[in-house]
Amino acid sequence: MMSYFPITSPTLIFFVVLLIILLAPIIMGKLRIPHIIGMVLAGVLIGEHGVHLLERDNSFELFGKVGLLYIMFLAGLEMDMESVKKNSRRILWFGLLTCLVPLVLTYVIAMWLLDYSSTASFLLGCIMASNTLIAYPIISRYGMGRHPSVMLSVGASMLSLFMALMMLAALSASYSKDVGIGFWLLFIIKFAAFCVLSVVLIPKVTRYFLRRYSDAIMQFIYVLSVMFLSAALSEAIGVEGIVGAFIAGLILNRYIPHVSPLMNRIEFIGNAIFIPYFLIGVGMLINVGSLFDSWRMLLVVVLIVFFGTFGKALAAYISSILFRLTKAEGHMMFGLTCAHAAGAIAMVMVGMRLEVAPGQYLVNDEILNGVVIMILITCIISTMMTEKASQELTLMGSRAVGGFPVDSSHSPKNEKVLLCVKYPDIAPQLLELAIMMRNPQRNRGLVALNVVYDDQQASNHREDGLRLLERLQQRASAADIQMQTQVRLSSNIANGIKHAFREFGCSEIIMGMHVHTDVNPKFWGEFLQSLYNGLNRQIVLTRFVQPLNTLRRIQVVVPSRAEFEPGFHRWLERLARFAGNLDCRIQFHGRNESLELIRVYINNHHPSVRAEYTFMAHWNELPRLAEQIGQDHMFVVITARKGTISYKNALERLPKELMQHFSGKNLMIIFPDQYGTQKEESMTFTAAQHQEETSYYDAFARWLNKQRAKRAALKK
């Protein structure tokens with residue numbers, strides 16, 4: 001049997017790898033061990049130093065490199081850039097600590113206890129100063145990519161890795177005769193030029209591409225092309241490719257919303273193939289048997305692992321204390337920053353090429369074996385700590401900020417969105433809007449409805465509707481969202497929508513806006529008037545001029561006394577989620593009384609949203625805002641039904657003003673919730689819901705009054 005091993009057939013090699021990717025989570029799950037460890041251990045078992053089932057051929061080199069780039073690219077994509085800006089000092093301090101503390105400790109013990117040379121000790125210190133985000137797939141699985149401790153860890157990891165690579169480059173340059181001040185000046189210029197060109201060119205090209213090409217496969221290939229090009233250019237200027245991949249992820253961050261189907265495809269391909277390939281390839285490098293060759297080898301591994309990991313732990317927990325974070329967040333920071341993998345291997349390979357004497361190299365077999373076994377141990381520690389911290393933080397839930405409870409999911413519990421679709425060109429954008437506005441924590445499905453007028457062409461129109469809904473369902477599945485679909489025949493379109501709304505128990509409607517060519521005083525039309533007069537729930541009308549992920553600002557006009565409407569929190573929550581997922585600015589225009597409540601709500605429920613507030617004295621100022629609305633802006637109008645507390649006579653002119661001043665602009669009109677008189681349970685607030693909304697609003701008002709009193713006292 002051994003004569004058939006190692007396997008050389010590409011088909012069987014890929015089959016064995018897929019079998020490991022399939023079985024590792026199942027086996028490790030029963031043992032309650034993170035499945036990432038199973039990937040690495042499987043690589044140890046099947047590799048050259050195990051049963052030698054597979055050879056570490058070029059496929060592991062290729063897919064492993066892609067997997068490492070994928071890890072760093074995903075880390076950049078999932079970061080909350082606004083929080084990174086706010087916490088840049090924390091990232092800097094944590095990065096310096098997690099780099100310098102293990103470097104100093106490892107250098108000292110290598111010099112004193114292991115009797116290594118100063119250069120070999122410095123190389124070991126650089127290896128332990130850096131780290132690889134090998135446990136990041138665990139973060140993705142728990143959906144914690146934007147948690148503050150995770151962002152601190154990712155930013156600090158990149159900073160420590162960059163510093164370690166620069167110190168390694170200086171160490172390597174010391175063995176070359178052609179290195180001097182000119183070399184370092186040229187390197188700094190090349191790196192600065194790379195960063196500037198990336199920041200300037202990639203966003204422009206991305207916006208151009210996304211506006212003109214909506215095909216899912218083309219967008220996916222474009223994103224990967226940007227990642228690999230950035231990594232290749234990074235390597236060309238003398239920096240590791242993972243730095244370029246991370247920078248590409250940061251730049252593309254706002255153009256790939258976290259809840260979009262494109263993001264789902266990127267994560268799926270990486271977590272299914274490339275990242276497991278990388279983990280298995282790392283395991284195939286590890287020779288566990290060398291650990292027992294001698295007591296000296298065991299001592300080397302124990303000292304390197306203990307002091308290097310202790311340095312990472314010391315930096316993480318000191319930082320968590322300085323930043324006033326919880327113990328679980330300290331565990332998270334330690335778990336993410338203590339693992340070593342490809343970066344350590346790359347540094348060792350550099351040391352193996354540095355000749356300190358004829359026939360003698362900086363890194364010997366003892367250091368090589370010690371570092372490789374250290375990789376296995378630190379990967380196990382990292383995945384277990386990250387898994388534990390993720391579970392603790394998930395159970396802890398959201399924390400209170402400023403004395404007011406943080407709960408981004410505040411909204412009536414019957415959240416279920418009805419999409420009314422008819423035109424194939426705007427239906428995908430309506431779905432994308434619904435995905436960005438929905439609450440992923442509730443995981444409620446969507447309902448897509450196509451109402452067909454019951455006439456002689458009904459059968460043909462019904463077939464068209466079925467094909468449209470089938471394509472929408474495929475898009476929703478790509479984002480891992482359940483969707484119910486229905487084609488309904490009706491002699492009255494508005495009545496068909498209202499009946500479907502009641503049958504599915506929906507909470508709100510999202511639909512496209514008809515584009516009128518003339519200024520019609522009855523802008524809403526009889527159809528829409530019948531709809532919003534017959535339904536007292538939220539209706540969102542939209543008109544898209546360009547893709548949503550290219551929007552840079554949302555402008556919201558709020559009528560006076562809008563905060564007293566029962567649907568105030570619903571539309572505010574939807575717009576805050578929309579702005580947060582797009583990572584764009586949102587600007588509210590209205591009276592100070594309304595703006596203050598909006599500001600407090602945003603600060604407490606969505607602190608990462610970049611919100612601005614502008615006083616608007618009167619609704620007559622609406623046409624003046626048209627000058628501020630750009631092609632990449634979304635203009636949102638919060639309107640009101642007749643007879644409600646926020647309704648005003650100026651709203652009668654709204655249709656004409658929108659057509660006259662805002663034609664050709666991205667537009668959204670929202671009719672908020674109202675208390676209704678319908679008998680259907682799904683159409684009205686129950687007494688319990690009414691009491692819940694009222695009690696929450698009263699508590700909110702009491703809290704706001706306390707804050708006003710405190711401010712007044714401080715002024716006195």
Side-chain angles (χ1 to χ4, degrees), residues 82 86 401-408 410-411 437 538 540 551-580 582-630 633-640 644-648 650-651 654 657 662 667-674 693 696-712 714-715:
E82 186 62 22
K86 292 179 180 178
V401 178
F404 199 74
V406 178
D407 180 14
S408 61
H410 172 74
S411 61
M437 284 187 166
Q538 180 168 286
V540 179
L551 296 178
R552 303 179 64 182
R553 183 181 289 267
I554 302 173
Q555 304 264 15
V556 185
V557 178
V558 183
S560 58
R561 299 190 298 274
E563 66 273 18
F564 296 103
E565 300 285 2
F568 175 71
H569 289 113
R570 188 186 292 275
W571 65 256
L572 182 56
E573 178 69 22
R574 301 298 184 268
L575 292 179
R577 289 184 202 154
F578 185 37
L582 286 179
D583 194 23
C584 66
R585 296 185 181 275
I586 182 169
Q587 185 173 4
F588 294 93
H589 303 266
R591 294 287 186 90
N592 287 332
E593 298 81 4
S594 305
L595 295 180
E596 188 172 1
L597 279 170
I598 293 173
R599 181 188 293 110
V600 173
Y601 186 90
I602 294 290
N603 290 341
N604 287 283
H605 294 266
H606 299 274
S608 62
V609 170
R610 295 177 291 171
E612 300 174 0
Y613 309 92
T614 304
F615 174 73
M616 188 177 74
H618 198 275
W619 198 261
N620 292 334
E621 300 179 23
L622 190 66
R624 183 177 55 84
L625 292 177
E627 302 174 0
Q628 306 176 18
I629 308 300
H633 291 190
M634 171 69 81
F635 184 62
V636 182
V637 180
I638 310 299
T639 185
T644 59
I645 192 170
S646 61
Y647 183 81
K648 49 183 60 61
L651 289 175
L654 180 61
E657 291 174 344
F662 298 93
L667 185 61
M668 179 184 297
I669 301 173
I670 299 179
F671 292 86
D673 281 338
Q674 295 295 331
E693 288 285 324
Y696 179 87
Y697 186 81
D698 290 343
F700 190 80
R702 287 195 299 270
W703 180 86
L704 185 61
N705 290 332
K706 289 181 181 179
Q707 299 301 313
R708 288 172 174 168
K710 288 181 181 179
R711 290 180 184 177
L714 288 174
K715 289 181 180 179

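Bear in mind the structure is a predicted one, so any value in this text is a computation, not a measurement. Because only heavy atoms are used, hydrogens play no part in the values below, and waters and symmetry mates are left out as well, while side chains stay in. Count residues from 1 along the sequence.
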With [X] via side chain to side chain donor-acceptor pair (under 3.5 Å) - residues at least two apart:
{"X": "Gln628", "answer": "none"}
{"X": "Arg553", "answer": "Gln587, Glu612"}
{"X": "His633", "answer": "none"}

First locate atom [atom1] of [X], then atom [atom2] of [Y], and finally report the distance between them rounded to the nearest 0.5 Å.
{"X": "Arg570", "Y": "Ile670", "atom1": "CZ", "atom2": "CD1", "result": "11.5 Å"}
{"X": "Arg624", "Y": "His618", "atom1": "CZ", "atom2": "NE2", "result": "13.0 Å"}
{"X": "Met634", "Y": "Leu575", "atom1": "CE", "atom2": "CG", "result": "10.0 Å"}
{"X": "Lys648", "Y": "Thr639", "atom1": "NZ", "atom2": "OG1", "result": "9.0 Å"}
{"X": "Gln538", "Y": "Trp571", "atom1": "CD", "atom2": "CH2", "result": "9.5 Å"}
{"X": "Ile602", "Y": "Glu573", "atom1": "CD1", "atom2": "CD", "result": "8.0 Å"}

(Q) Would the distance check show the side chain of Arg591 and the main-chain N or O of Ser560 forming a donor-acceptor pair, the cut-off being under 3.5 Å? (A)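 A pair under 3.5 Å: no.
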
Q. Is there a donor-acceptor contact under 3.5 Å from the side chain of Arg610 to the main chain of Ile586?
A. no

Q | Flag for Glu596-Tyr613: side-chain donor and acceptor within less than 3.5 Å | A | no

Decide yes or no for [X] and [Y]: does some side-chain heavy atom of the first lie under 4.5 Å from some side-chain heavy atom of the second?
{"X": "His589", "Y": "Leu625", "result": "yes"}
{"X": "Gln674", "Y": "Pro566", "result": "yes"}
{"X": "Ile598", "Y": "Phe568", "result": "yes"}

Q. Looking at residues at least two apart in the chain, or sitting in another chain, which of them share a side chain to side chain contact (heavy atoms under 4.5 Å, CB included) with Ala640?
A. Thr644, Ser646, Tyr647, Leu651

Q: Evaluate the side-chain contact (heavy atoms from CB on, under 4.5 Å) criterion for residues Phe578 and Leu551: first the C-alpha distance (whole Å), next the side-chain angles of each, then the deciding distance (0.1 Å), finally the verdict.
A: CA-CA 11 Å; Phe578 185 37; Leu551 296 178; 4.3 Å; yes

For [X] and [Y], which heavy atoms make the closest approach, and how far apart are they?
{"X": "Arg574", "Y": "Met437", "result": "CD-O, 3.4 Å"}
{"X": "Val600", "Y": "Asn604", "result": "O-ND2, 2.7 Å"}
{"X": "Glu657", "Y": "Pro623", "result": "OE2-CG, 4.2 Å"}

Q: Given side-chain contact (heavy atoms from CB on, under 4.5 Å), test Val557 with Trp619 step by step and report yes or no.
A: CA-CA 9 Å; Val557 178; Trp619 198 261; 3.5 Å; yes

Q: Could you walk me through whether Phe564 and Leu597 pass side-chain contact (heavy atoms from CB on, under 4.5 Å), step by step?
A: CA-CA 11 Å; Phe564 296 103; Leu597 279 170; over 6 Å; no

Q: Can you sort out the partners of Phe662 under ring-ring contact (aromatic ring centres under 6.0 Å, His included), two or more places apart, ordered by chain and number?
A: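 Here the qualifying residues are Phe635.
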
Q: Please identify each residue that fulfils salt bridge (charged side-chain N to carboxylate O under 4.0 Å, His left out) with Glu565, with sequence neighbours left out.
A: none

